[in-house]
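All remarks here apply to the structure that follows.
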Amino acid sequence: MDWFAPPHTHPALGLPDTSHFLCASLSDVDVLQRLGLSGKRPSSGWSSSRTVPQGVIPFKSGVIFTQRARVEAPVSTILPAGSSTDLLLVLSLCSHRINNAFLFAVKSKKKKLQLGVQFVPGKIIVYVGHKRSVYFDYNVHDGQWHNMAINIRGQTVTLFTSCGKRRVHADLHLKKDEALDPHGSFLFGKINQHSVQFEGAICQFDIYPSAKAAHHYCKYLKKQCRQADTYRPNLPPLIPLLPRDPSASPSTPQQMEPSLQGLKNLTTVPQKHATN
């Protein structure tokens, strides 16, 4: 199956056009928008000559990644050359399936893992180099929406939840890579082409300089990720499945966006996320 590449191309060479931020310091990065997955068409989404990547379903608050999703891009499409591994990740997502998938992975040209986040039942594992990782006791696979921030700074990784009211620190025992390989690759929802795929809805995936105040990460959350109705498909009988939210109610076709009309048995998560 072909992997999707983002639509930002150099007009003459047909290659990813990163000239607008090469050699720049890291600023705020909206990963969904950089990859053309923001769902905003045509100004910042897919060009008229491109279609939505297979296995990715846009909805009004973000995108849904299904088992068939395949999204990979050069690191330079997302981050400036020479970007440090000192980063702040701000995430808003809902897992639809219990597995051990990576949310994302950054790999060097030599295929060495440099940065990544993996969700396993009951834990979040953060990788900051080949064989360098820390983990946090936190369950993403509960069928609820989760807003969180992961701050990587120096030898410390910190998970922030509940809008910064809760934080857990973990120390790296080995020196991490200081810079990401500009010739590397960014894989969304997987660590390689043969690994299990993250399945779920993503409202926000932003990267900020680690100097940002991580404990105030809710200030950086998009309004729709805190308040808007967000759809979750009731997946076919594949094992294991998450229990259906008892407070959810079926959506009628009138409540759905045109992009979701092809899906059946969608459920609506309550406006206020149950879990931050």
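Residue numbers run from 1 in the order of the sequence given.
Within the 4.5 Å cutoff, the side chain of V128 has heavy atoms near those of the L115 side chain. A 4.5 Å side-chain heavy-atom check between I64 and P58 finds every atom pair outside the cut-off. A 4.5 Å side-chain heavy-atom check between L89 and V126 finds every atom pair outside the cut-off. V196 places none of its side-chain heavy atoms less than 4.5 Å from the side chain of R97. Side chains of P53 and L37 form a contact here, defined as non-hydrogen atoms less than 4.5 Å apart.
Between the CZ atom in F186 and the OG atom in S76 there is a gap of 12.5 Å [rounded to 0.5 Å]. The structure places CD of E72 at 4.0 Å from CG of L187, a figure rounded to the nearest 0.5 Å.
F102 pairs in a ring-ring contact (aromatic ring centres under 6.0 Å, His included) with only one of the listed residues (F119, F65, Y127), which is Y127.
Under the side-chain hydrogen bond (donor to acceptor under 3.5 Å, both in side chains) criterion, D206 pairs with Q204, Y208, sequence neighbours left out. Scored by the ring pair (Phe, Tyr, Trp, His ring centres under 6.0 Å) test, F205 finds F104, F188 as partners (sequence neighbours excluded). In this view, S108 and K110, K112, Q114, D181 satisfy the side-chain contact (heavy atoms from CB on, under 4.5 Å) rule, not counting sequence neighbours. In this view, K123 and D137 satisfy the salt bridge (Lys or Arg N to Asp or Glu O under 4.0 Å) rule, not counting sequence neighbours. For Q197, there are no side-chain hydrogen bond (donor to acceptor under 3.5 Å, both in side chains) partners, not counting sequence neighbours. With sequence neighbours excluded, the residues that form a side-chain contact (heavy atoms from CB on, under 4.5 Å) with R167 are T158, F160, H169, H215.
A distance-only check finds a donor-acceptor pair linking the side chain of K190 to the backbone of S195 [under 3.5 Å].
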